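Okay, so here's the structure we're looking at.
The model shown is predicted, which means the values in this text are computed figures rather than measured ones. The sequence lines fix the lettering, A, B, ..., with proteins before strands; numbering per chain opens at 1.
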Number of protein chains: 4
Amino acid sequence: MNGTAATEATDATDATGTDRADGAQAAAPASDPRRGRPRSPAADTAIIEAVLRMIEDGVSIGELSMERIAREAGVGKATVYRRWPGKSALMLDVMRSLDTDIPPPAGVSVRDDLVGIIEFLRIRGLAKRNSALLRTVVTHVKAQPALWREYHETVVQARREVLLSVLRRGRECGEVRTDRDIDLLADLFVGPVLSRAVLHEWADLPEGLAEEIVDTVLEGVRPRD
Amino acid sequence: MNGTAATEATDATDATGTDRADGAQAAAPASDPRRGRPRSPAADTAIIEAVLRMIEDGVSIGELSMERIAREAGVGKATVYRRWPGKSALMLDVMRSLDTDIPPPAGVSVRDDLVGIIEFLRIRGLAKRNSALLRTVVTHVKAQPALWREYHETVVQARREVLLSVLRRGRECGEVRTDRDIDLLADLFVGPVLSRAVLHEWADLPEGLAEEIVDTVLEGVRPRD
Amino acid sequence: MNGTAATEATDATDATGTDRADGAQAAAPASDPRRGRPRSPAADTAIIEAVLRMIEDGVSIGELSMERIAREAGVGKATVYRRWPGKSALMLDVMRSLDTDIPPPAGVSVRDDLVGIIEFLRIRGLAKRNSALLRTVVTHVKAQPALWREYHETVVQARREVLLSVLRRGRECGEVRTDRDIDLLADLFVGPVLSRAVLHEWADLPEGLAEEIVDTVLEGVRPRD
Amino acid sequence: MNGTAATEATDATDATGTDRADGAQAAAPASDPRRGRPRSPAADTAIIEAVLRMIEDGVSIGELSMERIAREAGVGKATVYRRWPGKSALMLDVMRSLDTDIPPPAGVSVRDDLVGIIEFLRIRGLAKRNSALLRTVVTHVKAQPALWREYHETVVQARREVLLSVLRRGRECGEVRTDRDIDLLADLFVGPVLSRAVLHEWADLPEGLAEEIVDTVLEGVRPRD
DNA sequence: AGCTAATCGAGACGGTACGTCCCGTCTTGAA
DNA sequence: TTCAAGACGGGACGTACCGTCTCGATTAGCT
């Protein structure tokens with residue numbers, strides 16, 4: 001016998017997860033919302049806050065056990081499980097709690113609107129505070145296809161829509177070519193940021209990147225004469 | 001879309017990971033490689049194969065316990081741990097076992113070489129069989145920064161170098177503009193594929209995508225008159 | 001109402017219990033006893049000892065959680081559950097570990113043999129050390145009919161057999177009447193001790209009790225003239 | 001047989017137990033009995049009935065959780081705890097609700113009175129319906145010394161008194177020897193029933209047992225010549 | 001009729017223990 | 001020294017109860 005014990009990462013066991021993952025603002029109980037003692041909003045807060053605090057303190061996803069979350073939140077385990085069916089669903093709500101809506105495009109010029117959107121991605125994705133948080137949380141969510149799809153359809157999709165509307169406007173006013181699938185065009189702008197963040201994520205995304213990307217994509221890589 | 005999509009991983013608990021992750025081609029024992037019973041190559045194979053089989057059968061990363069891997073491979077747990085220090089290191093080798101070298105560019109035209117590279121990414125990343133495999137494995141590797149950096153420096157870097165050399169050739173022959181950072185240009189080509197694979201990874205990447213991407217990026221999104 | 005209060009039973013959640021409750025000397029694993037690491041006899045001992053120590057320290061049956069037993073024994077919970085299917089089965093083995101074989105009757109006279117047996121009961125049942133121990137443990141075992149039956153059939157029955165053999169001998173030599181069921185006669189001797197212990201168990205059973213009981217039962221309550 | 005059989009109880013976790021275990025006939029509220037909504041007698045009934053019903057349905061004491069009792073009685077948990085401080089106190093009241101007073105001895109002959117008392121024990125303790133009930137309930141009560149003492153002093157003592165008075169009468173009229181402690185004599189009659197019920201409780205106590213016991217104890221086991 | 005107050009069913013609260021599973025290490029006999 | 005098997009101490013999992021608390025809704029006696 002020994003003392004070494006475990007460690008490691010792992011994850012989720014199931015992939016269920018999304019029963020009631022409708023945001024941190026806890027839904028009403030199943031049967032009759034006005035019967036019985038109401039759920040304590042303080043508990044909701046305490047749990048989410050505990051997760052955020054732990055992550056900021058450098059606790060890895062593997063150490064983020066439900067057991068420990070409940071303990072640090074000063075809450076019974078059952079209180080956590082009453083709100084979320086598992087760690088993954090909780091993480092999803094933690095992720096959502098960090099979401100900032102993408103600012104609506106100013107509408108001055110198509111080029112500037114595109115820069116605004118890409119700049120938002122650059123900053124949101126790597127801003128000091130969110131960075132560590134999201135890296136940990138997103139990892140967990142991504143690891144479960146069902147959750148990731150859920151997140152994608154609620155949050156990511158909405159943001160893409162903003163980008164698409166700008167591109168459509170660009171088409172109407174002749175700023176954007178119409179002979180390509182509009183989804184492909186959207187990926188041309190988003191992809192590079194993603195690439196920088198994903199493939200060499202330990203580097204910071206430099207200022208001015210958004211403009212450089214937008215301009216190059218608009219004008220093309222082949223030199224115009 | 002948003003920046004969150006761009007973030008990633010972490011975790012690790014241990015961060016050990018790479019002590020001896022020198023591939024499935026089993027290293028020699030510590031003290032004297034010629035003494036005692038040699039490691040069974042059959043065991044190496046059985047383990048890697050078991051992981052691949054399980055993933056193909058839809059086993060999620062969370063259910064991929066070392067315990068189960070050993071059981072499924074008909075192998076003692078110690079036999080697994082003798083080869084890899086943990087699940088992550090094993091996963092890294094599983095990933096490597098799937099690697100195919102990027103074919104060298106034909107060198108006919110810059111545009112065609114670029115298409116070749118992007119087409120390789122499209123197929124490698126999403127080909128029916130590998131897709132599920134990689135998604136599961138990569139998730140785990142990404143979740144541990146040390147491992148991911150290792151993988152990145154070994155495999156990703158090499159591929160990028162091929163792309164960069166093509167771009168440099170393009171600059172020399174005037175096919176590619178020189179007023180932009182060459183790394184940025186590389187991301188313009190790689191990013192869109194990544195975006196498709198990461199942000200809506202459950203969709204298949206259609207044929208012809210590589211050409212469409214390369215051509216649009218080369219020519220630009222703004223219509224040339 | 002009545003003395004039946006003296007009866008018992010039930011409980012148990014499962015009532016399973018006895019799969020392998022064949023004494024503390026741990027059985028071999030299910031499949032092949034010679035394969036794999038053998039069970040540690042030290043663990044067997046540590047667990048039983050921990051229970052005994054705790055009980056002697058006045059830990060109540062309600063506080064005797066498997067969790068705590070494992071902790072105090074310096075043993076993993078799984079190690080406990082590998083040996084016993086539940087708390088009850090463990091308790092049964094703890095009980096057995098305390099058993100002392102009833103000394104064989106000297107065979108001098110029937111009356112003295114009877115006194116010897118009853119005296120054994122008086123002492124065993126209430127001896128300082130065992131008393132506290134047994135009270136706690138027996139409670140748990142009695143609370144589960146299946147376990148209690150098991151215990152009865154293995155231990156109690158054997159002791160009764162000794163008593164019965166003495167009575168049979170008494171019949172042969174005319175010391176014991178033959179017009180009554182021999183099992184009834186046995187109860188006439190055992191019952192009074194039981195009654196004292198069960199109905200007013202907080203009192204100590206006084207010395208000389210055995211002789212008084214045996215003599216009175218032999219001679220009868222109605223005065224002989 | 002052995003002394004272990006004679007041991008008992010303990011446990012308790014709380015040991016509170018008897019604070020207010022004054023029977024199901026619900027006490028008045030603390031402050032002013034006349035103010036506020038009175039306790040519903042229907043709830044009292046529902047709770048006791050639920051326990052009885054469950055026990056008759058074979059629910060073991062371990063499955064008899066307060067939670068389940070309340071649920072099954074269609075009553076809030078607080079309503080149960082308002083009446084009893086814990087499961088044990090409730091059980092004690094359930095026990096009491098089953099009590100039948102021992103019939104006063106006819107007084108015809110000492111021998112017949114003794115048979116009457118023992119017969120009562122035989123039937124009460126093992127009558128098909130009560131048997132299961134009592135076994136379950138008594139187990140729980142016995143497991144807590146404080147409760148058991150309470151029950152003993154209230155109920156058992158009273159019954160013993162009846163037996164003792166008969167024995168005293170027997171002494172006066174020369175039917176019972178006077179050279180033995182009268183408490184011991186009482187145990188000689190009660191013990192055998194107890195022994196049968198406790199040591200092999202799953203068997204039924206046959207008719208005629210009472211007479212057989214009384215006669216044998218009166219006359220003695222040694223044959224009279 | 002209105003007020004006060006204790007009740008009701010329901011169910012959430014912080015805890016603790018359950019029994020199962022996995023971690024990474026250790027220990028068998030056999031090869 | 002390896003192998004398969006499986007036990008080891010440790011710890012998280014998700015469930016069930018504990019006894020308490022808090023809801024809105026009765027249900028009485030008192031003004």
OP1 or OP2 of [N] less than 4.0 angstrom from a side-chain nitrogen or oxygen of [X], does that happen here?
| X | N | value |
| --- | --- | --- |
| A:Arg83 | E:dC13 | yes |
| B:Thr79 | F:dA4 | yes |
| B:Arg71 | F:dA5 | no |

With DNA chain F as reference, determine whether A:Glu67 or D:Ser65 sits nearer its 5' end, using the nearest nucleotide of each.
->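 The 5'-side residue here is A:Glu67.
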On DNA chain F, nearest-nucleotide positions of C:Pro41 versus A:Tyr81: which is more 5'?
->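 The residue whose closest nucleotide sits nearer the 5' end is C:Pro41.
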If you restrict it to nitrogen or oxygen atoms, what contacts under 3.5 Å exist between nucleotides 21-27 of chain F and the protein, and what is each distance?
residue: F:dC21; atom: O2; partner: A:Arg37; partner atom: NH1; Å: 3.0
residue: F:dT26; atom: O2; partner: D:Arg37; partner atom: NH1; Å: 2.9

Could you pull out the closest heavy-atom pair between C:Val94 and C:Ser97, with the gap in Å?
->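 Taking every non-hydrogen atom into account, O-OG, 2.6 Å.
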DNA chain E: 5'-proximal contact among A:Val80 and D:Gly74 (nearest heavy atom) =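 Nearer the 5' end of the strand: D:Gly74.
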Want to settle it: does B:Met66 or D:Ala43 sit nearer the 5' end of DNA chain E, counting the closest nucleotide to each?
->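 So the residue in question is D:Ala43.
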Write down the distance between [atom1] ([X]) and [atom2] ([N]), rounded to a whole number of angstrom.
| X | N | atom1 | atom2 | answer |
| --- | --- | --- | --- | --- |
| C:Ile69 | E:dT16 | CD1 | P | 17 Å |
| A:Glu63 | F:dA12 | CD | C1' | 13 Å |
| B:Glu72 | F:dA5 | CD | P | 13 Å |
| C:Asp44 | F:dA7 | CG | P | 12 Å |
| C:Arg39 | F:dG6 | CZ | C1' | 9 Å |
| B:Leu64 | E:dC21 | CG | P | 17 Å |
| B:Arg68 | F:dA4 | CZ | C1' | 20 Å |

Is it true that A:Asp44 and A:Arg83 make a salt bridge, defined as a side-chain N closer than 4.0 Å to a carboxylate O?
->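 Between A:Arg83 and A:Asp44 there is a salt bridge, with a charged N closer than 4.0 Å to a carboxylate O.
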Go through the structure and list residues passing side chain to side chain contact (heavy atoms under 4.5 Å, CB included) with [X], not counting sequence neighbours.
| X | value |
| --- | --- |
| C:Arg71 | C:Glu67, C:Arg68 |
| B:Ala73 | B:Ala46, B:Ile47, B:Ala50, B:Val75 |
| D:Ser40 | D:Ala42, D:Ala43 |

Just how far is it from atom CZ of C:Arg53 to atom CD1 of C:Ile69, taken to the nearest 0.5 Å?
->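 One gets 11.0 Å once the value is rounded to the nearest 0.5 Å.
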Report the C-alpha distance between D:Thr79 and D:Arg39 in whole Å, list the side-chain angles of each, state the deciding distance to 0.1 Å, and finish with yes or no for side chain to side chain contact (heavy atoms under 4.5 Å, CB included).
-> CA-CA 9 Å; D:Thr79 300; D:Arg39 294 217 179 137; over 6 Å; no
